[in-house]
Amino acid sequence: MTSEPTPSPVVPPLHSPKSPVWPTFPFHREGSRVWERGGVSSRDLPSPLPTKRTRTYSATARASAGPVFKGVCKQFSRSQGHGFITPENGSEDIFVHVSDIEGEYVPVEGDEVTYKMCPIPPKNQKFQAVEVVLTQLAPHTPHETWSGQVVGS
């Protein structure tokens, strides 16, 4: 009985990938030249503004403990998901994100609102409105609910 050695399977040699391997971050590093090559469009970038989902617990707690301010809705775009509130004291307009609107109606120009303020990172020099509640709907203006139903007021 002769035992002949069995041939070993042929394994192709390993090759490095032809394109560089990028880290799986949702964004590119600062200073990267990707923008000049057109590799990323601005709509693919994550928003730098903290929404209700991305805000830290401590920032939420600080905002909730803060005072309540009054103002008037200057502008709000449901399709863009944000707008601005003019404070009652006449200071600079305050940014508001759709995730921070509480209640059943989409704000429109002229609606009176109450809100609390939360600083916008990274420098915390500007503020955004949180816990926004519509207190008085603008008269003679149709209002839309979040479900899409239009209601005249």
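Just so it is clear, the values below take in all heavy atoms, side chains as well, and ignore hydrogens, waters and symmetry mates. The model shown is predicted, which means the values in this text are computed figures rather than measured ones.
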Testing the basics here: between [X] and [Y], what is the closest heavy-atom pair and its distance to 0.1 Å?
| X | Y | value |
| --- | --- | --- |
| Ile85 | Ala129 | CD1-CB, 3.9 Å |
| Ile101 | Pro107 | CD1-CG, 3.8 Å |
| Pro87 | Tyr115 | CB-OH, 3.5 Å |

Count the heavy atoms belonging to other residues, nucleotides or ligands that lie under 6.0 Å from CD of Gln75, then report whether that count exceeds 12.
-> yes
Give, for atom [atom1] of [X] and atom [atom2] of [Y], the distance between the pair rounded to the nearest 0.5 Å.
| X | Y | atom1 | atom2 | answer |
| --- | --- | --- | --- | --- |
| Phe69 | Phe127 | CZ | CZ | 8.5 Å |
| Thr114 | Gln136 | OG1 | CD | 12.0 Å |
| Leu134 | His143 | CG | NE2 | 6.5 Å |

Passing option when Val130 is tested against Ile94, Val96, Asp100 for side chain to side chain contact (heavy atoms under 4.5 Å, CB included) = Asp100
Can you check whether Phe95's main-chain N or O pairs, donor with acceptor, with His97's side chain at less than 3.5 Å?
-> no
Whether Arg78 side chain and Val98 backbone form a donor-acceptor pair below 3.5 Å = no
Pairs where residues 112-129 contributes a residue and the test salt bridge (charged side-chain N to carboxylate O under 4.0 Å, His left out) is met, not counting sequence neighbours = Lys116-Glu131
Report whether [X] and [Y] are members of the same hydrophobic cluster (ILVMFWY, side-chain heavy atoms less than 4.5 Å apart, transitive linking).
| X | Y | result |
| --- | --- | --- |
| Val108 | Val113 | no |
| Trp146 | Val151 | yes |
| Leu137 | Val72 | no |

Evaluate the ring planes of Phe84 and His82, with Trp represented by its six-membered ring, and classify them as parallel (under 30°), tilted (30 to 60°) or perpendicular (over 60°).
-> perpendicular
